[in-house]
Visitor: 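Let me give you the structure first, and then I'll get to my questions.
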Amino acid sequence: QVQLVESGGGLVQPGGSLRLSCAATGFTFGSGTMSWFRQAPGMEREFVLGTRWSGSSTSYSDSAKGRFTISRDGAKNTVYLQMNSLKPEDTAVYYCAADRSRLILSRLRDVESYDYWGQGTQVTVSS
């Protein structure tokens, strides 16, 4: 049984940083595809960034480019989302998502492409 558990969310001031974690059981990061999405109140879930482990190819949304990065700790089977220069518009529930296949680029940003989701962690950027 696959389980993804996010943590690390919280309240941060604009310009601050936060690191989210996504720990997996029943699934090994390092194969397939893993992405972060977010959902603000009243909005659809949107793609933040995603990594296809084979070839270490990472794609970024325009909002994440230059501010957010992804990394992996293989020993802990955990993926991290480092978020810097946070803005109020980054406020959302953040979800990690994984799929055992190496998704093609055209499917990477589609929520329906992923078989496994975490429960989400709230990030609030406010002064």
Side-chain angles (χ1 to χ4, degrees):
Q1 182 178 355
V2 175
Q3 189 174 20
L4 304 179
V5 179
E6 299 100 334
S7 61
L11 174 65
V12 62
Q13 292 187 343
S17 298
L18 210 56
R19 190 180 77 160
L20 306 184
S21 301
C22 177
T25 55
F27 182 92
T28 301
F29 290 129
S31 64
T33 305
M34 187 276 172
S35 293
W36 287 91
F37 287 76
R38 66 187 184 185
Q39 188 166 18
M43 305 291 287
E44 293 188 352
R45 194 167 298 188
E46 65 173 1
F47 174 83
V48 176
L49 56 77
T51 292
R52 299 179 297 167
W53 299 112
S54 175
S56 297
S57 170
T58 300
S59 297
Y60 299 85
S61 65
D62 288 342
S63 62
K65 207 170 295 182
R67 299 189 300 131
F68 295 0
T69 56
I70 190 171
S71 62
R72 178 175 67 98
D73 184 331
K76 296 181 179 181
N77 202 31
T78 297
V79 171
Y80 302 98
L81 175 64
Q82 178 67 43
M83 303 186 295
N84 299 324
S85 302
L86 284 163
K87 306 173 183 179
E89 51 263 42
D90 294 317
T91 295
V93 177
Y94 283 71
Y95 299 89
C96 59
D99 195 86
R100 296 188 186 278
S101 65
R102 186 177 188 274
L103 297 175
I104 58 176
L105 280 177
S106 61
R107 294 188 60 200
L108 196 66
R109 300 170 184 241
D110 185 355
V111 297
E112 296 183 355
S113 298
Y114 296 83
D115 287 336
Y116 308 111
W117 289 85
Q119 83 288 350
T121 186
Q122 175 71 46
V123 172
T124 303
V125 184
S126 175
S127 54

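All heavy atoms count here, side chains included; hydrogens, waters and symmetry mates do not.
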Visitor: Quick test of your reading: applying salt bridge (charged side-chain N to carboxylate O under 4.0 Å, His left out), list the pairs with at least one residue in residues 107-127, sequence neighbours left out, ordered by first then second residue.
Guide: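 Every candidate salt bridge (charged side-chain N to carboxylate O under 4.0 Å, His left out) pair involving residues 107-127 fails, so no pair, neighbours aside, qualifies.
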Visitor: Pairs in or reaching into residues 4-33: which pass ring-ring contact (aromatic ring centres under 6.0 Å, His included), with residues at least two apart or in two chains?
Guide: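 Listed by first then second residue: Phe27-Phe29, Phe27-Tyr116.
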Visitor: I need the full list of ring-ring contact (aromatic ring centres under 6.0 Å, His included) pairs touching residues 56-86, with sequence neighbours left out, sorted by first then second residue.
Guide: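 Of all non-adjacent pairs touching residues 56-86, none passes ring-ring contact (aromatic ring centres under 6.0 Å, His included).
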Visitor: Do the side chains of Val5 and Leu18 join up, straight or via other hydrophobic residues, at under 4.5 Å, putting them in one cluster?
Guide: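 Per the 4.5 Å side-chain linkage, Val5 and Leu18 are not co-clustered.
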Visitor: If we ignore angles and hydrogens, is there a donor and acceptor under 3.5 Å between the side chains of Ser61 and Ser63?
Guide: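 Yes, side-chain donor-acceptor contact under 3.5 Å.
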Visitor: Enumerate the residue pairs fulfilling salt bridge (charged side-chain N to carboxylate O under 4.0 Å, His left out) with a member in residues 67-81, sequence neighbours excluded, ordered by first and then second residue.
Guide: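 Matches after skipping sequence neighbours: Arg67-Asp90.
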Visitor: May I have the list of side-chain donor-acceptor pairs in residues 39-46 shorter than 3.5 Å, sequence neighbours left out?
Guide:
unit_1, atom_1, unit_2, atom_2, d
Gln39, OE1, Arg45, NE, 3.3
Gln39, OE1, Arg45, NH2, 3.4
Gln39, NE2, Met43, O, 3.0
Glu46, OE2, Arg38, NE, 2.6
Glu46, OE2, Arg38, NH2, 3.2

Visitor: Hydrophobic clusters join Ile, Leu, Val, Met, Phe, Trp and Tyr when side-chain heavy atoms are under 4.5 Å apart, directly or via other members; which others share one with Ile104?
Guide: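 Direct or chained contacts put Ile104 with none.
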Visitor: Sequence neighbours excluded, which residues qualify as side-chain contact (heavy atoms from CB on, under 4.5 Å) partners of Ser17?
Guide: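 By the side-chain contact (heavy atoms from CB on, under 4.5 Å) rule, Ser17 matches Gln82, Asn84.
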Visitor: If you look at every heavy atom in Thr91 and Gln122, which pair is closest and at what distance?
Guide: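 So the minimum-distance heavy-atom pair works out to CG2-NE2, 4.0 Å.
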Visitor: Enumerate the residue pairs fulfilling disulfide (SG to SG under 2.5 Å) with a member in residues 65-127, sequence neighbours excluded, ordered by first and then second residue.
Guide: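 Sorted result for residues 65-127: Cys22-Cys96.
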Visitor: Filter on salt bridge (charged side-chain N to carboxylate O under 4.0 Å, His left out), then keep only pairs touching residues 4-19, sequence neighbours left out; what's left?
Guide: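 The answer is none; no pair qualifies.
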Visitor: Heavy-atom distance under 4.5 Å between the side chains of Pro14 and Val125, does that happen here?
Guide: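 Yes - at least one pair of side-chain heavy atoms lies under 4.5 Å apart.
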Visitor: Can you list the residues that meet the salt bridge (Lys or Arg N to Asp or Glu O under 4.0 Å) rule with Asp99, with sequence neighbours excluded?
Guide: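 Asp99 satisfies salt bridge (Lys or Arg N to Asp or Glu O under 4.0 Å) with no residue once adjacent residues are dropped.
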Visitor: Between atom OH of Tyr94 and atom CG of Leu81, what is the distance when rounded to the nearest 0.5 Å?
Guide: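 Result: 7.5 Å between the selected atoms.
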Visitor: Check side chain to side chain donor-acceptor pair (under 3.5 Å) between Ser31 and all other residues, then give those that pass, not counting sequence neighbours.
Guide: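 With neighbours one apart ignored, the set is empty.
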Visitor: Given the rule in the side-chain contact (heavy atoms from CB on, under 4.5 Å) test, do Met83 and Val12 qualify, once you have shown the distances and angles that lead to the verdict?
Guide: CA-CA 11 Å; Met83 303 186 295; Val12 62; over 6 Å; no
Visitor: In Å and rounded to the nearest 0.5 Å, what is the CZ to OG1 distance from Arg100 to Thr33?
Guide: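 If we round to the nearest 0.5 Å, Arg100:CZ and Thr33:OG1 are 12.0 Å apart.
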Visitor: Could you tell me whether the side chain of Thr51 and the main chain of Thr58 form a donor-acceptor pair under 3.5 Å?
Guide: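 No, the answer is negative, given that no donor and acceptor are paired below the 3.5 Å cut-off.
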Visitor: Taking ILVMFWY side chains as joined if any heavy atoms are under 4.5 angstrom apart, and letting links pass through other members, which residues group with Val111?
Guide: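 Members besides Val111, by chain and number: Phe37, Phe47, Val93, Tyr95, Leu103, Leu105, Leu108, Tyr114, Trp117.
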